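So that the names make sense, note that chain A is the first sequence line, chain B the second, and so on, each numbered from 1. This structure is a prediction, so every number in the text was calculated from the model and none was measured.
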Amino acid sequence: MKKWNGKLMLLGAVGTLAMSVAAAEAAQLTVISWGGAYTKSQTEAYQKPWMAKTGNTIVSADYNGGLAEVKAQVESKNVTWDVVDVETSEAISGCNDGLFEKIDASKLPKGDNGASPMDDFVPGAITDCAISTIAYANVFGYDSTKFAGDKPTKVADFFDLKKFPGKRGLKKEAKVNLEMALMADGVAAADVYKVLATKEGVDRAFKKLETIKGSIVWWEAGAQPPQLLASGEVTMTTAYNGRLFTPAVTENKPFVIVWDGQQQVFDTWAIPKGSKNKDLALDFIAFSTGTKPLADQARYIPYGPARKSSAPLVGKFQDDKTDMAPHMPTNPANMGNAIVQDVKFWADHYDELNERFVSWIGK
Amino acid sequence: MHQTFDQKTLTRQLAAAERRNKVKAFLLVLPLLLFVLASFIVPIASLVWQGGYSDTFANALPETSKLLGAWDSRSPVSEDLVKSFVTELKASKLKDPAIPTRVATVVNREQSGSVSKFKQVMSASDLASPYKEKLSALSSEWDKPDIWRAMKIVAPSFTPRFYLQAVDLRLTAEGDIKPESDENAIHLLLFGRTLMVAALVTLFCALLGFPIAYLLAHAETKTSNMLLIIVLLPFWTSLLVRTTAWIALLQQNGVVNDFLVAIGLIDNDHRLVMMYNMFATLVAMTHVLLPFMILPMFSVMKTIKANLVRAALSLGATPWTAFWRVYFPQTIPGLGAGCLLVFILAIGYYITPALVGGQSGQLISNIIAFHMQKTLNWSLASAIATLLLIGVLLLYWLYNRLVGIDKMKLA
């Protein structure tokens, strides 16, 4: 029996050794993203085809945004993340802080229609250190079973507790909320950042938020808003548009998105400075931001591809029934009253406004 | 003569042997010592250090820092100062392209809008003498003293500004201290709230834990083992799972509300609000921390001799007197240890209150996490964390004076 055990162990050891040798040949890339339906859409459209093409493997992990982890890895010179999905504003501030590798966008593949990458990507999608994959929208949605008569249609309705009673879900961050409050208070989309740059404008935004403060449930991760709506904890909540779309279509949840006052943000790929697999990471980014993978992603989540050449290829949802175009933030019908998040504004005012926001929440 | 020689060698040999033993003993504890140094002393020291030291500005712009130090912060800035600022900022980019924006971020914390003003300077190619005029041609902001005053504040490497900010005070360019504006002052309020929550959680844990520990200590071995496993069970589940379980229980359409509606105690339109408020914070934290109260009390109660209470009873004490005068005083070391453990753990909690506490779940640790993860202002985070540490040490000292730390029994 003892001898047998020994043989078994030896066998196991050889097996493990063989496996680790095999793993060393095919490289492994660590890709960090936001989790949930979003990571799933990336896995289907980017990761799986890339792994099939190159034979390399990808380890996926989730995070909740912010640059703290990247900063800690870069400063301790122990970089374990190879590719990170960050919002443009964070991509830029991380690039400024030297946390990300520079990416030469002109070396990206041409669009399938032959357009050069610089022409093919929509304006603002390419920055020094990051390449955008999609544009998503910060919208708000409601549970249609909660309001018998009139339904919310305008961003101002979100702040109307009398007409539309119930709690409201909001992200625990100054960004998005202040812009939303101003638009609800009657500021035209084009003037939002002009107004927010003044002390009076900031006061005005906080005053508007104050009107619903007692009814706010704060969320932090993108997966929370649909849960808050589904459990009946809130009747209306802000969310990333894809997070409300998926349960509405695949689980028939009575969630309705209001596009009025939507705020668009790019999501980008960036490489933490000092990544041990930089070339591989670049290859993955070049592949995944190609015309077809970007269009394919829209099969799984309604986020607008960052390449113009991808738009005509966007077809149906994975159920092969739902047309994706009407659910895209970039759909003209949804763009009536929309803003694109002003990255420059937030670089200047992030600290000031967040400081005030955090202390406002705490009181 | 012969004997004294012998004695000398003997003493020497003895000393050598003792030294060897000491070295051996030291080598044995060396790994632990290194571990404690590396994982405890060094991080805490660097924490305290970072709260009072930030050299981003002075490192990148050493000459400008000196000139700013000499400037009286009211009179118009000198051409020399502007010249050294522009040349040093441009030069710092050659060392590392990230430096100018890093400096701008630091200045931006004192004066919003500095990031884009710095960018103007970096992208302007024709900056030459007279620098002052060239800068004011870029933007009138450079004419105003505000941005220079902000730079004067952040220029010194050793600075009390983070510690001041941690207690809602601001350093001015003149070196005066003024209170933080009302809309931004929050830290003192949160320190207070954190202490209050920790104290309440400790109280509830003590009230709930005492009878359980008593039961554990005095039940039959078989039952008490079973109970002990139940007490320890929560330790085997992740903190997040335990916290989200409370969300499932307490929310509007949660298990508790559904049950109350089903038995007719409340009607469907008036479900209780038990989630995203102070109540939820206290319930969830008390639940999570309860084992830390029960275990030390249990181990102390286990050693209390039953004869003593019996003796008191036979001498004519009422059951209450026997408990209060004879039994309870002997449990103090365990109760004290449990309270200290729970209180200190509760002070640093932030995931649970952030998830279930809503507005009121904002505690001082959330602010630390916020500055670590979002604003990347690690110096401010360090300063707040250091103050929290000092607070805990003060409480520990107070506890030592009142109860005596040598009386504490953890297990």
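- For the residue pair A:Ser359 and B:Ala185, the shortest heavy atom distance occurs at CB-O, 4.1 Å.
- Salt-bridge formation is not detected for the pair A:Lys363/B:Glu183: no Lys NZ or Arg NE/NH1/NH2 atom is positioned less than 4.0 Å from an Asp or Glu carboxylate oxygen.
- Side chain of A:Asp348 to backbone of B:Ser112: no donor-acceptor contact under 3.5 angstrom is found.
- Heavy-atom distances place both the backbone and the side chain of B:Leu376 under 4.5 Å from chain A.
- For B:Asp267, the CG atom sits in a packed shell: over 12 heavy atoms of surrounding residues, nucleotides or ligands are nearer than 6.0 Å.
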- Apply the test salt bridge (charged side-chain N to carboxylate O under 4.0 Å, His left out) to residues A:Arg356 and B:Glu180: give CA-CA distance (whole Å), side-chain angles for both, the deciding distance (0.1 Å), then the verdict. CA-CA 11 Å; A:Arg356 178 155 173 194; B:Glu180 179 79 87; over 6 Å; no
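- The shortest side-chain heavy-atom distance between A:Gln227 and B:Ile247 does not fall under the 4.5 Å cut-off.
- Note: A:Ala347 leads A:Cys95, A:Ala347, A:Gly66 in heavy-atom pairs under 4.5 Å with chain B.
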- Message: side-chain contact (heavy atoms from CB on, under 4.5 Å) for B:Phe370 and A:Asn354? Distances and angles first, verdict last.
- Response: CA-CA 10 Å; B:Phe370 171 74; A:Asn354 265 299; 3.6 Å; yes
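- Heavy atoms of B:Gln252 lying under 4.5 Å from chain A belong to its backbone as well as its side chain.
- Only the side chain of A:Lys172 comes within contact range of chain B, with heavy atoms under 4.5 Å apart.
- With a 4.5 angstrom heavy-atom cutoff, B:Asp182 touches chain A only via backbone atoms.
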- Taking it one step at a time, do B:Asn377 and A:Asp351 satisfy side-chain contact (heavy atoms from CB on, under 4.5 Å)? CA-CA 9 Å; B:Asn377 189 351; A:Asp351 286 309; 5.8 Å; no
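- Residue A:Ala197 does not touch chain B at all, counting heavy-atom pairs closer than 4.5 Å.
- Within 6.0 Å of atom NZ in A:Lys344, 12 or fewer heavy atoms from other residues, nucleotides or ligands are found, so the atom counts as exposed in its surroundings.
- Rounded to the nearest 0.5 Å, atoms OH (A:Tyr350) and OG1 (B:Thr105) are 12.5 Å apart.
- Counting heavy atoms from C-beta outward, A:Glu233 and B:Tyr276 have side chains that approach closer than 4.5 Å.
- Each of B:Ile367, B:Asn366, B:Asn184 was scored for a side-chain contact (heavy atoms from CB on, under 4.5 Å) with A:Val358, with one residue passing: B:Ile367.
- No donor-acceptor pair under 3.5 Å is formed between the side chain of B:Gln359 and the backbone N or O of A:Ile216.
- The candidate with the highest count of non-hydrogen atom pairs below 4.5 Å against chain B, out of A:Lys167, A:Glu90, A:Gln224, A:Lys213, is A:Lys213.
- B:Thr375 touches chain A through backbone and side chain together, each having a heavy atom under 4.5 Å away.
- The most heavy-atom pairs under 4.5 Å with chain B, out of A:Ala72, A:Gly65, A:Gly214, A:Ser231, come from A:Ser231.
- Heavy atoms of A:Glu220 lying under 4.5 Å from chain B belong exclusively to its side chain.
- Side-chain atoms of B:Arg193 come within 3.5 Å of backbone atoms of A:Gly362 as a donor-acceptor pair (strictly under, hydrogens ignored).
- Comparing A:Glu69, A:His349, A:Glu355 by heavy-atom pairs within less than 4.5 Å of chain B, the highest count is held by A:Glu355.
- Between B:Gln373 and A:Lys71, the closest side-chain pair of non-hydrogen atoms is not below 4.5 Å.
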